[in-house]
Q: 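Below is a structure I'd like to ask you about.
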There are 2 protein chains.
Amino acid sequence: MDKRITIYDLAKTLGVSAGTVSRSLNDHPSISQKTKDRVISKANELGYKTNKFAVNLSKQKSNTIGVIVPKLNSIFMSTVLAGIEKIANEAGYNLIISQSLESMEKEKINAKTLYDSGVDALLVSLAYDTSNFDHFANYIKNKIPLIFIDRVTNLPNCSTIIIDNKLAGFVATEHLIAQGCKNLLYISGNLKQNVYSERLKGFQEAVAKHNLIFNNANLLESDLSPGSVKQAITHIKDTGIPFDGLFVANDSFAAHCLKELKKENYKIPQDIKIVGFNNDPISDLVTPTLSTINYPGYEMGILAGQSVISQLNGSIDFQAANSITLRHELIIRESSLK
Amino acid sequence: MDKRITIYDLAKTLGVSAGTVSRSLNDHPSISQKTKDRVISKANELGYKTNKFAVNLSKQKSNTIGVIVPKLNSIFMSTVLAGIEKIANEAGYNLIISQSLESMEKEKINAKTLYDSGVDALLVSLAYDTSNFDHFANYIKNKIPLIFIDRVTNLPNCSTIIIDNKLAGFVATEHLIAQGCKNLLYISGNLKQNVYSERLKGFQEAVAKHNLIFNNANLLESDLSPGSVKQAITHIKDTGIPFDGLFVANDSFAAHCLKELKKENYKIPQDIKIVGFNNDPISDLVTPTLSTINYPGYEMGILAGQSVISQLNGSIDFQAANSITLRHELIIRESSLK
DNA sequence: AGGTATTACGCAACCGATTGCATAACTATA
DNA sequence: TATAGTTATGCAATCGGTTGCGTAATACCT
């Protein structure tokens with residue numbers, strides 16, 4: 001077969017040293033143009049391919065960015081990933097993607113694996129139950145850029161890419177109030193996560209601002225899985241409070257609730273108005289269409305990608321790791337109209 | 001800071017050779033248990049981490065599997081990926097994922113990049129317009145396992161993981177006919193792709209079997225993007241054929257059509273019955289709920305993963321690369337009921 | 001032409017493992 | 001105890017580049 005040819009083969013053929021070949025191929029300034037041209041054309045002629053393994057070893061870097069997401073099969077996450085991949089790819093980096101499946105344990109293992117395999121940077125969206133962050137210590141200690149996306153935590157020198165969940169929650173809630181809702185329910189995900197707890201804060205602020213009541217019954221913490229819809233419906237029906245406005249932490253769950261409520265003969269939006277979150281494609285296809293908060297997943301991915309790349313290129317001071325907050329947007333559709 | 005310690009450090013500390021350390025760490029049979037224990041415990045004590053770069057170079061393999069998908073942000077693809085990731089991760093492999101964005105050019109570049117970065121195997125779901133397969137030649141020549149998923153082609157020694165699209169198309173169509181439809185329209189994706197052309201074959205067979213008419217007007221080739229919905233509606237309204245049954249190549253597009261047809265005052269399913277494809281979460285949330293073909297994305301991912309791993313482990317003969325066909329399933333919902 | 005500054009290149013160490021082959025150490029057998 | 005047979009280890013080459021340092025070769029200047 002055709003054994004891979006190396007810089008040594010080239011060097012021998014051309015009668016120069018391997019160092020010269022290497023420098024020529026990397027366009028090093030201390031090599032004459034003439035020599036570079038000779039080397040490069042011979043390299044093409046012989047079909048030379050650089051061996052990444054050797055480069056990695058000698059440079060101690062992999063041109064690879066690690067990513068840990070809770071689940072790949074979520075429309076939001078895969079959209080974020082699409083953005084990240086685009087930027088990384090354009091910058092010549094490969095993406096190693098792994099999923100924590102919402103488990104801190106698996107997140108830990110993945111973080112370790114990626115660290116061991118020598119990623120140059122790590123992007124993370126935290127698992128559902130991550131409460132400890134020691135598994136990122138190695139990255140920080142070794143100054144490997146570490147960036148959190150959406151589901152974040154505050155670690156020294158780590159960037160975060162988020163939206164203003166509190167404000168979004170506030171806006172969504174105030175919209176419901178403006179449409180005449182008096183008895184609001186926030187159906188939340190795990191409140192240990194910043195995204196959901198922040199939205200709750202916004203929800204509470206809006207409720208307080210308009211002198212509505214907020215107590216335990218106005219909040220339902222759920223795992224947002226389809227299986228939990230019944231529980232939500234039960235809450236709505238049996239709490240005794242005449243709920244007329246729902247703010248649901250994601251569109252998918254909101255759509256399920258919508259469907260179930262219709263089955264229970266609630267009229268949407270007449271009886272109960274609903275605002276979801278994410279602007280999932282689904283939100284525009286259900287009947288009635290679902291009001292929601294547009295959550296710029298793709299842009300988040302793009303920004304996350306750009307942020308890593310610039311940190312890797314040194315164009316951003318690593319110490320000055322910053323936090324980027326993207327703009328969200330309330331999309332008003334049928335499910336919340338008076 | 002703490003510089004990484006190497007097998008040489010261990011060797012010096014223990015008074016043995018680097019080779020012995022290496023073999024001990026890898027549980028090589030020719031090392032005594034006593035020595036192994038000493039080495040391993042010292043390694044733990046000093047916090048030894050194996051340097052993957054060096055291992056890769058010396059073994060010329062990366063413990064990494066490359067994946068090229070058309071788009072990350074598709075519910076189907078990300079579900080497949082979730083399955084692949086699970087298996088790969090369990091087997092100790094990392095996944096480098098890249099997207100072709102439905103462009104053969106980018107697919108080519110990605111294939112090359114992944115090849116250069118030394119992936120041990122490649123999983124591919126082809127781009128929309130891929131018509132040439134030279135970019136996979138290197139893999140085949142060098143016996144790097146190459147597996148196609150869903151959107152496949154027939155290359156020597158390459159496995160494929162698919163469903164029986166022709167049969168699925170047949171079943172879906174026959175269902176519509178059984179519900180009384182006489183004038184059927186198949187709204188297809190790019191017919192150069194196996195998935196869509198096979199479904200067309202099934203569609204045609206069913207139509208023929210039941211002595212219905214099939215001509216150009218019964219087929220609409222579309223790019224299935226939301227922007228093309230109007231074109232589909234126009235086709236339905238203006239062709240002069242009183243279409244009463246639609247077989248649509250994916251649920252998302254089907255849902256859009258459904259919505260638009262309702263706007264045009266078609267009654268679904270009374271006037272027109274619809275069957276989609278994929279069992280996208282959306283299909284159960286639209287009104288009326290959408291009949292569809294369940295497409296086992298996660299299982300495809302799992303199988304693809306298992307297939308690669310066993311090829312890499314040599315537990316499957318590389319030459320005997322096989323083609324796996326998964327079972328699909330017709331899910332009957334409201335949109336197609338008499 | 002002689003001296004100095006540049007430029008272009010070669011040398012060889014280094015990155016951190018893996019592994020075929022040789023051999024020392026130890027066991028078992030006669 | 002000498003000898004053959006195992007078993008456990010060391011040696012050193014190898015994987016394929018990168019890079020600091022030294023110097024030969026060429027250019028520039030007076």
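Convention: sequence-line order gives letters A, B, ...; per-chain numbering from 1.
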Q: Could you list all the ring pair (Phe, Tyr, Trp, His ring centres under 6.0 Å) pairs where at least one residue sits in residues 37-64 of chain B, not counting sequence neighbours?
A: none
Q: Has B/Y139 got a side-chain atom pairing as donor or acceptor with B/A111's backbone, closer than 3.5 angstrom?
A: yes
Q: Heavy atom of residues 41-63 of chain B under 4.0 Å from DNA chain D: which residues?
A: B/L57, B/S58, B/Q60
Q: Quiz question: by atom type and distance under 3.5 Å, do the side chains of B/D129 and B/N190 form a donor-acceptor pair?
A: no
Q: Determine whether A/D116 and B/T50 make a side-chain contact, defined as any pair of heavy atoms from C-beta on separated by less than 4.5 Å.
A: no
Q: So, applying side-chain contact (heavy atoms from CB on, under 4.5 Å) with B/V124, which one of B/I149, B/L114, B/L146 is it?
A: B/L146
Q: Under 4.0 Å from any heavy atom of chain B: name the first and the last nucleotide of DNA chain D that qualifies, 5' to 3'.
A: D/dA8 to D/dG16
Q: Run the ring pair (Phe, Tyr, Trp, His ring centres under 6.0 Å) test against A/Y128 and tell me which residues pass, sequence neighbours left out.
A: none
Q: Between CD of B/Q33 and NZ of B/K36, what distance do you get to the nearest 0.5 Å?
A: 5.5 Å
Q: Tell me, which of residues 11-36 of chain A have any heavy atom that sits under 4.0 Å from an atom in DNA chain D?
A: A/G19, A/S22, A/R23, A/N26
Q: How far does CG of B/L326 sit from CD of B/E299, to the nearest 0.5 angstrom?
A: 7.0 Å
Q: Within this structure, what is the OG-CD1 distance for the pair B/S78 and B/I84, rounded to the nearest 0.5 Å?
A: 11.0 Å
Q: How close or far is atom P of C/dA13 from atom OH of A/Y8, stated in whole angstroms?
A: 12 Å
Q: Going by atom types alone, do B/Q99 and A/N89 pair a side-chain donor with an acceptor below 3.5 Å?
A: no
Q: Quick check on contacts: within residues 111-121 of chain A, what sits under 4.0 Å from DNA chain D by heavy-atom distance?
A: none
Q: Do any N or O atoms from the side chain of A/Y298 and from the backbone of A/A82 form a donor-acceptor pair under 3.5 angstrom?
A: no
Q: Give the intermediate values and the outcome of salt bridge (charged side-chain N to carboxylate O under 4.0 Å, His left out) for residues B/E85 and A/K106.
A: CA-CA 12 Å; B/E85 198 276 343; A/K106 192 144 189 268; 3.6 Å; yes
